[in-house]
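What's counted below: heavy atoms across the whole structure, side chains too, no hydrogens, waters or symmetry copies. Counting convention: from 1, in listed order, for ligands and their atoms alike. Because the structure is a prediction, the values reported are computed rather than measured.
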Amino acid sequence: MPKIVIAGNWKMYKTQSEAKAFFSEFPNHLKDTASQAAITDQQILICVPYTNLALLQTVVPAICPNLNIGAQNVHWAENGAFTGEISAPMLVELGIKYVIIGHSERRQFFGETDETVNKRLKAAQAHGLTPILCVGESKQQRDANETESWIFSQLAADLVEVDQNNLIIAYEPIWAIGTGDTCASSEANRVIGLIRGKLANRDITIQYGGSVKADNIDEIMAQPEIDGVLVGGASLDPAGFARIVNYR
Ligand code: PGA
């Protein structure tokens with residue numbers, strides 16, 4: 001897996017027809033090399049709603065051979081009576097390789113805990129999926145100087161028995177998500193350096209996420225500790241996301 005990973009997170013946006021429209025336009029905005037198989041030193045992916053996974057796995061390889069389609073969550077069981085959930089074998093059968101786990105919206109609105117995040121991480125890895133684990137502090141925690149202790153406690157609980165050789169971490173301060181209030185790139189760099197210091201594998205890809213846009217991507221990617229980005233809102237627009245992918 002390349003060290004640099006530029007990932008989109010479509011959240012609960014785009015019907016199948018909207019997803020097809022995105023991909024009919026997106027390659028037109030890429031630099032020539034980015035649309036060709038030439039780029040091997042960075043991975044581009046977009047994590048889409050479940051209803052788009054099978055469709056895009058069929059359509060995208062011909063349009064954007066370097067772009068992977070990922071999922072936004074996965075359950076820990078192989079199958080079972082878990083209404084509304086999706087299993088790793090279901091994703092693997094479609095050829096999916098990446099899955100977001102522990103996004104703050106899952107933790108905030110759907111009761112995900114460090115315990116369930118840890119179970120999902122282990123199940124994903126057991127099936128050969130590469131998880132993108134999201135961690136990050138709230139505004140209140142930041143204001144109370146609890147940023148470091150909170151993130152360290154998330155990492156300690158989430159990463160129990162997790163293979164750090166097949167893992168991406170995204171540092172996503174909750175107060176910066178969807179707010180336009182980007183964390184200063186030097187501060188994101190500092191926190192990501194602290195996260196790296198806590199890991200057994202310090203070569204791991206660590207992304208920044210939270211209001212990443214076309215006009216701040218260059219500054220973010222210039223930071224030495226930041227190995228990529230997880231992009232929500234700005235990944236919905238083909239021209240905007242292409243500009244992010246084309247940051248260099
Ligand atoms: P945003 O979302 O880019 O819209 O702030 C990022 C995320 O939630 O992953």
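Ring geometry for Phe22 against Phe26 counts as parallel: the plane angle stays under 30°, on a 0 to 90° scale with 60° as the upper cut.
Within the listing of ligand 1, atoms 5 (O) sit less than 4.0 angstrom from a heavy atom of Ala176. Contact atoms of ligand 1 toward Asn9: 9 (O) (distance under 4.0 Å to a heavy atom of the residue). Of all atoms in ligand 1, numbered sequentially from 1 with element shown, those under 4.0 Å from a heavy atom of His103 are 7 (C), 8 (O), 9 (O).
If you run side-chain contact (heavy atoms from CB on, under 4.5 Å) between Leu159 and each of Gln154, Gln164, Lys122, only Gln164 comes through.
A donor-acceptor pair under 3.5 Å links the side-chain atoms of Asn216 to the main chain of Lys213, judged by distance alone. Side chain of Tyr50 to backbone of Glu85: no donor-acceptor contact under 3.5 angstrom is found.
The shortest N or O to N or O distance between Gly232 and ligand 1 is below 3.5 Å. The shortest N or O to N or O distance between Ser211 and ligand 1 is under 3.5 Å. Where the criterion is an N or O separation shorter than 3.5 Å, residue side chain and backbone included, Ala234 fails it with respect to ligand 1. Ligand 1 has an N or O atom lying under 3.5 Å from an N or O atom of Gly178, backbone or side chain.
Residue Ser235 places no heavy atom under 4.0 Å from ligand 1. No heavy atom of Gly209 sits closer than 4.0 Å to any atom of ligand 1. Put simply, part of Gly210 is less than 4.0 Å from ligand 1, judged by heavy atoms. The closest approach between a heavy atom of Lys11 and any atom of ligand 1 is below 4.0 Å.
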*asked:* What verdict does the side chain to side chain contact (heavy atoms under 4.5 Å, CB included) test give for Ile192 and Asp227, after you've listed the backbone C-alpha separation in whole Å, the side-chain angles of each residue and the deciding distance to 0.1 Å?
replied: CA-CA 10 Å; Ile192 288 175; Asp227 304 318; 5.9 Å; no
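Between Arg190 and Glu148 there is a salt bridge, since at least one side-chain N of the basic residue sits less than 4.0 Å from a carboxylate O of the acidic one.
We find the CD-SG distance between Gln207 and Cys134 to be 8.0 Å, quoted to the nearest 0.5 Å.
For atom 9 (O) of ligand 1, the nearest protein heavy atom (residue, atom name, distance) is Glu172 OE2, 2.7 Å. The nearest protein atom to atom 4 (O) of ligand 1, hydrogens excluded, is given as Gly233 N, 2.8 Å; this is a heavy-atom distance.
Taking every heavy atom of both residues into account, Val48 and Gln72 meet most closely at C-NE2, 3.3 Å. The nearest pair of heavy atoms linking Ile101 to Ala124 is CD1-CB, 3.9 Å.
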